[in-house]
Amino acid sequence: MDDNRPLKFLQSFALERRQRQHVNGDGETGKALPAEFADFVLSFRCAPRADASELENVATRLARVGLDVEIRQALHARHGELEPVVGQLLIFVSCPRARLENEWNRSRLQDWLGGMVPLRRTTGGALEVDPDAQDDPSRLLDATNAAHITPAERQRLVHRLITAPESDGGAAIATAAGVDAVVALHDRRFNQNWLRHWAAQWLIDRHDLRRIREHFGDEIALYFAFLQSYVLWLALPAVAGLVWWAFGRSFSWQFGALLVLWGVAFTETWARREADIATYWGVHGVDRARETRRAGFQADSMAADPVTGERVPTFSGAKRWMRRLLGVPVIAALSLLMAAFITLIFALQTFLNEYYAGPFATLLGLTPVVLFSACLPAYTAVCTRVASALTTYENYEYEAEHAAQLTAKIFVFRFLQDQLYLFLTAWVFVPQRDAFGAWVQAAYDTLNSLPSWLLPLAEPGAHAGIKSSATPAAELVQNMLTSFIVTSQIVDLATETGLPLLLRWWHSRSLARASQPAGAVTSRRRHVFASVLAVEPTPVDTWAEAAADCDVPPADIQQQFVARVTEEVALPEYTTFDDYAEMASQFARVAFFSVAWPLAPLAALLNNWLELRTDAAKICSATRRPMPRRVETIGPWLDALRFMCWMSSITNALLVYQFHPNAALLPHADAATMQRFGRTSLSFALVVLLFSEHAFLAVRWAATHVMASWPGAYVRITERARAQSRRRWLERAPAGLRDLGGDGTGAGSSGDDGSGLAAELELGRRAIASWTKVE
């Protein structure tokens with residue numbers, strides 16, 4: 001392989017950067033892309049001196065679907081030099097404009113066949129249904145041009161060509177041997193402008209979301225829209241919690257009721273907002289369209305498509321349900337094992353913090369934290385792999401279904417990991433702390449009764465190593481909640497953003513040292529290296545002039561670029577799952593336990609305001625460029641938030657019942673009992689639980705019906721389109737049908753001159769008069 005041949009797309013990208021409008025001065029994504037821009041890079045791995053048949057198979061598949069291919073040796077920095085990565089090749093893939101336009105037309109037609117309503121903007125900027133395209137889909141194809149495709153749309157379409165099954169017109173590279181990654185390259189100029197722009201403003205607006213959507217796709221833009229909405233809604237409980245905390249009012253029933261109402265209002269308004277966003281972005285109904293099957297889908301039969309009538313591969317719904325039922329005991333067993341492990345760590349921590357008074361108490365108190373931090377993430381990773389295998393075994397046809405089912409399974413494990421500790425503290429240990437203390441004392445007495453040769457440290461009088469648990473019950477819950485919220489936010493920020501960015505900086509620093517030519521490097525040479533490698537425009541007119549101007553061979557610049565691509569390929573893949581899971585976990589703690597620590601919403605608000613920036617930095621520098629996906633909802637996470645709203649009505653009621661110091665309607669408890677246990681009447685707690693849950697269901701029913709009284713954007717647009725369609729039909733209908741008897745001319749068409757009607761009216765008047773006389 002001649003690696004000195006200049007990459008065709010790299011030359012085009014460096015020379016046309018200044019002329020095209022892909023990114024303008026303020027970082028806004030434009031419409032045009034050069035024809036030979038490398039859309040994706042495939043990482044291909046094989047053993048040294050292996051048969052090249054697998055590589056030929058991949059290249060042939062790509063060429064068969066109309067994609068251009070260029071192959072280069074992967075490079076990395078080692079000991080200050082750029083060296084080949086043995087066993088790895090980089091396959092640069094670009095899509096010609098004509099092929100891209102054809103794929104775009106195909107996608108539009110697939111949307112129409114899937115039931116998506118075609119929309120258009122009026123001259124005033126309003127959104128309306130396109131009546132011509134709705135009746136005749138060929139108008140969608142005639143009005144489309146590849147020059148107006150955004151970068152996200154381009155990558156989505158090309159990625160479909162690369163990974164879709166061959167039966168759907170793709171290259172099926174996802175199942176090809178040797179390919180271990182399909183990566184889209186970062187646009188460093190866009191990333192720099194994006195981060196600089198967000199760092200200078202407090203909140204993001206719809207223009208920021210539009211830029212993100214055009215560059216990264218609907219899924220990433222919808223996540224940031226959700227996060228922004230969540231941040232704004234957190235302001236209400238944050239301010240209220242600050243007031244309650246200032247007055248020392250923990251476990252207030254008023255604040256608990258406010259939290260429940262807040263959760264219902266947030267989830268229901270977000271459900272409406274995401275539907276409106278999907279309408280304005282033109283993706284309403286995209287989940288129904290289901291344009292591409294999963295590469296791993298395995299059909300068991302062929303059936304006629306209900307829309308097109310074509311024979312398409314399908315999988316039996318009964319078989320899928322049987323497979324889902326087989327996975328239930330597996331998920332249940334893994335969940336029970338996780339719950340048992342967390343309970344064991346909780347018991348150990350409670351013993352060391354509340355009862356142990358022997359040597360090294362402080363040091364030993366860190367043992368449960370180390371076990372929790374080291375073992376539980378590893379076990380959760382195992383559970384995640386099992387859940388992924390089960391979901392793959394269930395054999396879903398489309399990616400949206402697969403992702404929703406996988407999320408539902410993993411949510412169970414994440415919920416236990418994040419919330420069970422607090423549940424055990426409030427409703428297991430606190431009510432049963434005397435029994436727990438008795439068990440500890442009995443176990444310690446048993447150890448002291450053993451012979452000295454069996455347990456040398458168990459000497460008589462060693463009971464000084466055991467103390468009684470004296471921490472007030474309410475304080476135990478508050479301390480646990482505070483430590484969980486603060487610690488989790490710091491750890492998440494460090495592990496998700498801080499450490500990856502630090503490692504990326506170190507690798508980039510090593511790569512920069514390795515890429516410097518021997519001898520002195522002039523400032524002009526540095527500028528050309530920085531311009532090309534950061535994917536920014538050069539100040540010169542031709543690629544040859546750029547190389548000759550600083551005496552740098554094009555091959556050296558290309559090697560540096562390939563090394564940076566190799567570095568990007570090695571980055572982890574970005575998915576929104578972890579970010580949504582983090583927000584859902586935080587939402588649960590705020591909704592469940594803020595009544596114990598009213599500052600929890602404020603801590604969440606500050607963290608999420610920072611999360612808007614750190615997530616952007618993580619996407620730009622610590623992960624691969626996200627793969628654009630069209631979505632119309634946050635999926636199962638909305639159901640998870642609603643579920644946690646329902647649970648918050650129970651947890652808030654129980655916490656208020658258990659720890660409120662002087663509630664008039666609650667049973668009386670003496671000061672010593674309240675300090676040590678709180679209220680522990682199980683029957684009264686059940687009454688409080690049922691009352692609060694039914695009140696919550698009534699509130700959510702009312703909120704749902706109130707929201708339904710204001711139709712959303714999609715309903716307004718489609719109803720307006722139906723009215724306009726009826727009006728156009730009436731205008732074209734014959735006169736007799738158009739009038740529909742509305743102006744009285746229909747009666748005259750029967751030949752009646754009106755005398756018959758007058759006679760009938762006279763008979764009616766006489767009948768009415770006769771009723772009056774009879775009375």
Side-chain angles (χ1 to χ4, degrees), residues 336-380 416-450 452 454-492 494-495 585 589 592-593 596-597 600 655 658-659 672-678 680:
L336 289 175
L337 187 59
M338 174 179 282
F341 180 69
I342 294 175
T343 303
L344 181 63
I345 295 179
F346 171 79
L348 179 61
Q349 182 176 9
T350 302
F351 166 72
L352 293 174
N353 291 344
E354 294 294 317
Y355 296 97
Y356 181 72
F360 309 109
T362 303
L363 184 61
L364 290 175
L366 299 176
T367 303
V369 178
V370 174
L371 288 175
F372 190 91
S373 303
C375 300
L376 199 58
Y379 180 76
T380 303
L416 290 174
Q417 176 182 339
D418 296 333
Q419 311 302 330
L420 185 58
Y421 230 78
L422 293 167
F423 285 8
L424 292 172
T425 302
W427 296 301
V428 176
F429 172 69
V430 168
Q432 303 295 329
R433 66 194 310 178
D434 279 353
F436 192 87
W439 296 336
V440 169
Q441 190 64 55
Y444 198 74
D445 291 341
T446 302
L447 289 177
N448 282 330
S449 65
L450 297 176
S452 59
L454 185 61
L455 192 63
L457 295 179
E459 300 177 358
H463 291 285
I466 291 295
K467 64 181 179 179
S468 176
S469 175
T471 308
E475 187 177 333
L476 273 174
V477 177
Q478 291 170 333
N479 291 343
M480 187 66 70
L481 175 64
T482 305
S483 63
F484 256 77
I485 289 179
V486 175
T487 303
S488 64
Q489 291 182 356
I490 294 176
V491 170
D492 289 341
T495 56
S585 175
R589 288 172 183 161
F592 292 173
F593 299 103
W597 188 47
L655 287 172
Q658 191 173 359
F659 298 114
T673 303
M674 283 295 299
Q675 182 179 12
R676 188 163 179 78
F677 307 105
T680 57

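Heads up: numbering here begins at 1 and tracks the sequence. These numbers come from the heavy atoms of this one structure, side chains and all, not from hydrogens, waters or symmetry mates.
Pairing each heavy atom of Thr343 with each of Leu420, the nearest pair is OG1-CD2, 4.5 Å. Considering all non-hydrogen atoms of both residues, Thr380 and Met338 come closest at OG1-CE, 3.5 Å. Closest approach of Tyr421 to Gln349, counting heavy atoms only: OH-OE1, 2.5 Å. Pairing each heavy atom of Gln417 with each of Phe372, the nearest pair is O-CZ, 3.7 Å. Taking every heavy atom of both residues into account, Ala426 and Leu655 meet most closely at CB-CD2, 4.3 Å. Cys375 approaches Phe341 most closely through the heavy-atom pair CB-CZ, 3.5 Å.
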List the steps, then state whether side chain to side chain contact (heavy atoms under 4.5 Å, CB included) holds for Leu348 with Leu371. CA-CA 10 Å; Leu348 179 61; Leu371 288 175; 4.0 Å; yes

Test log, rule side chain to side chain contact (heavy atoms under 4.5 Å, CB included), inputs Thr350 and Phe436: CA-CA 10 Å; Thr350 302; Phe436 192 87; 4.0 Å; yes

For a side chain to side chain contact (heavy atoms under 4.5 Å, CB included) check, start with the C-alpha distance between Val477 and Gln658, then their side-chain angles and the critical distance, and finish with the verdict. CA-CA 11 Å; Val477 177; Gln658 191 173 359; over 6 Å; no

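In this structure, CD1 in Ile345 is found 11.0 Å from CG in Leu424, a value given to the nearest 0.5 Å. Taking CZ of Phe659 as the start and CG of Leu476 as the end, the distance is 8.5 Å to the nearest 0.5 Å. Rounded to the nearest 0.5 angstrom, Phe429 CZ and Met480 CE are separated by 9.0 Å. To the nearest 0.5 angstrom, Leu416 atom CG is 11.0 Å from Leu337 atom CG.
Judged by distance alone, with hydrogens and angles left aside, the side-chain atoms of Arg589 form no donor-acceptor pair with the main-chain N or O of Ala600 at under 3.5 Å.
The side-chain heavy atoms of Arg433 and Tyr355, taken from C-beta on, include a pair separated by under 4.5 Å. The shortest distance between side-chain heavy atoms of Trp439 and Gln432 does not fall below 4.5 Å.
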